[in-house]
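A, B, ... follow the sequence lines: proteins, then strands. Residue 1 opens every chain.
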There are 2 protein chains.
Amino acid sequence: MFVQNIIANLPLFNGLTQSQLEALASIIVDKPYEKGEMIFFEGTAAKGFYVIAQGRVKIYKSAPDGREAILHVFGPGEPFGEVAVFQGGTYPAHAVTVEKSRLLFLPREGLVSRISSDPALSLNMLAALSSRLRQFANKIEALTLKETPQRLAAYLVTASELKDGADTFTLDIAKGLLAGMLGTARETLSRALTKMAEEGMVRVEGRQITILDRDALEALASGLESL
Amino acid sequence: MFVQNIIANLPLFNGLTQSQLEALASIIVDKPYEKGEMIFFEGTAAKGFYVIAQGRVKIYKSAPDGREAILHVFGPGEPFGEVAVFQGGTYPAHAVTVEKSRLLFLPREGLVSRISSDPALSLNMLAALSSRLRQFANKIEALTLKETPQRLAAYLVTASELKDGADTFTLDIAKGLLAGMLGTARETLSRALTKMAEEGMVRVEGRQITILDRDALEALASGLESL
DNA sequence: CGAGCCGTTGATATCACTCAAACTACGTGG
DNA sequence: CCACGTAGTTTGAGTGATATCAACGGCTCG
């Protein structure tokens, strides 16, 4: 898969002409990463941002004692680290691969000028950041107002929606990671899942989830949007 | 104070020419609000966004039972509701004044075209959204990793920094609001403050705070950036 | 001067974090 | 093909921070 083919299909680069895409592709650095490899650390100077071609990346903050707050887990096609390009100049959090991955690096040089000269690109970026802000707002809402079972229910409902509303689907991240995304401990997540299974709302077989009572799930989540 | 003078000094409109500012000022709607007046509700269609000329605005989500998650409390000069202009078309949360205020409304019409035609404006907006994302990331970190006393310590340290590092300063929001911003209950905040005072870290006299042991405060906050 | 808003304090219940340990699934290398 | 190590997951028990309920005191504003 060539770089240009990848970026041609990304929402971020929607509306760009063929020649603009070519120019962009020519400055992109294509790099493979092993699972668990650090991409950048919070506070370090940013020379550009990344787009995921393949794999999965965890964006997180960490406490002195080693505990983590997971902000995102991004998958193929998603950009990350853009914030550092537009403000502050340093990455706001740590980034590490959670799978073997292939990342595209877009150097800051040239990007800023490209953005300011191309209306479509700047509006795409604004939309991307705005959408990110909505996600964060939802996450803050969930952390403040909801307890683990409700957050889990909201997650499962939207996970199902992302898989075209299928009742049975497979989690694409490990449960430990999911616990982190929900702002809770692995053990608490495990217990919450078990309880939901006992109550007949879902069936859990490893990473495969079957929603048995969608109404009950949605009632539990009550008002929580996608995380 | 005229609209044009206000917007001329905002970071958001930095780098605009005099004539651009005039054009902008001509489409702005200037409106007074009473304390406690709703500005918009989550999910309603957005016809534009706001800038605060005077007063203070609370941005929040609410649960069915009436509990609230406060995302921001904005003051003079700060914009809010921009997210809806760039993505989704609806406001992501509720907005209400917490003081008697004067707000400038910038209609969506014309704004989008202005942004795409003016590099400075689009880069300013990108920077503003990026900075907002950093704040949210810090908030999520605090909610996930830190307990109330630590969040409070971090808040006090940065509040002091915003007042040029003065040891004695005045909270510019009520303690109940502050509790909401820290994601905790009024009572818990009250107890945390009392305890910090007992331990000699701060002195509390109503809304006036004096930092007695900045090192201890910073050690408590340990790693938490501004909220 | 009364009403509401705000803040404090006390008592209680509970959720979830922590520590500890066993159990499973999986891939690798012998 | 099996043994082993590792990563991931689950279960149990104990503890602690905080939400919640309740009542009270002070302040402000009309």
* Can you sort out which residues in residues 185-203 of chain B have a heavy atom within less than 4.0 Å of DNA chain D? Ascending by number, please. => B:A185, B:E187, B:T188, B:R191
* Can you check the A:R207 CZ to D:dT9 P distance for me, whole Å? -> 6 Å
* Residues forming a side-chain contact (heavy atoms from CB on, under 4.5 Å) with A:V73, sequence neighbours excluded -> A:R56, A:I70, A:I173, A:L177, A:M181
* Can you run down the side chain to side chain donor-acceptor pair (under 3.5 Å) pairs that involve residues 186-197 of chain A, sequence neighbours left out, and say none if there aren't any? => none
* **Nearest-angstrom distance from the residue atom CD of B:Q208 to C1' of C:dC6** => 18 Å
* To do: Would you mind reading off the distance between A:E205 atom CD and C:dT24 atom P, rounded to a whole angstrom?
  => 17 Å
* Structure fact -> From CG of B:L182 across to P of D:dA19 the rounded distance in Å is 11 Å
* If a protein heavy atom is under 4.0 Å from the base, mark B; if only from the sugar-phosphate, S; if neither, -; do that for nucleotides 25-30 of chain D going 5' to 3'. => ------
* Structure fact -> Residues at least two apart in sequence or cross-chain that pass ring-ring contact (aromatic ring centres under 6.0 Å, His included) with A:F13, listed by chain then number, are none
* Sugar-phosphate only, base, or nothing, as touched by B:R67 at under 4.0 Å among non-hydrogen atoms -> sugar-phosphate
* State which residues pass ring-ring contact (aromatic ring centres under 6.0 Å, His included) with B:F49; sequence neighbours excluded, sorted by chain then number. => none
* **Phosphate contact (C:dA16 OP1 or OP2) by A:T148 side-chain N/O below 4.0 Å** => yes
* To do: Give a yes-or-no answer on whether the side chains of B:R203 and B:T168 include a donor-acceptor pair shorter than 3.5 Å.
  => no
* Asked: So, A:K146 and A:E141, do they make that salt bridge, N to O below 4.0 Å?
  -> no
* Round to the nearest Å and state the distance from A:L177 atom CG to D:dA7 atom C1'. => 12 Å
* Asked: Within the structure shown, what part of the strands sits under 4.0 Å from B:G183 by heavy-atom distance: base, sugar-phosphate, or nothing?
  -> sugar-phosphate
* Would you say a side-chain N or O of B:K175 is under 4.0 Å from OP1 or OP2 of C:dT8? -> yes
* Take atom CG of B:L171 and atom C1' of C:dG7, then tell me their distance rounded to the nearest Å. => 13 Å
* If you draw a 6.0 Å radius around NZ in A:K35, do more than 12 non-hydrogen atoms from other residues or ligands fall strictly inside? -> no
* **Charged N-O contact under 4.0 Å between B:R132 and B:E82** => yes
* **Atom-pair distance (CD1 on A:I173; P on D:dG8), nearest Å** => 12 Å
* Have a look at A:L103 and tell me which of A:D30, A:V29, A:V57, A:V51 forms a side chain to side chain contact (heavy atoms under 4.5 Å, CB included) with it. => A:V57
* To do: Between C:dG7, D:dG8, D:dA19, spot the one nearest the side chain of A:K35, thanks.
  => D:dG8
* **Spacing between B:L143 atom CG and D:dA17 atom P, to the nearest angstrom** => 18 Å
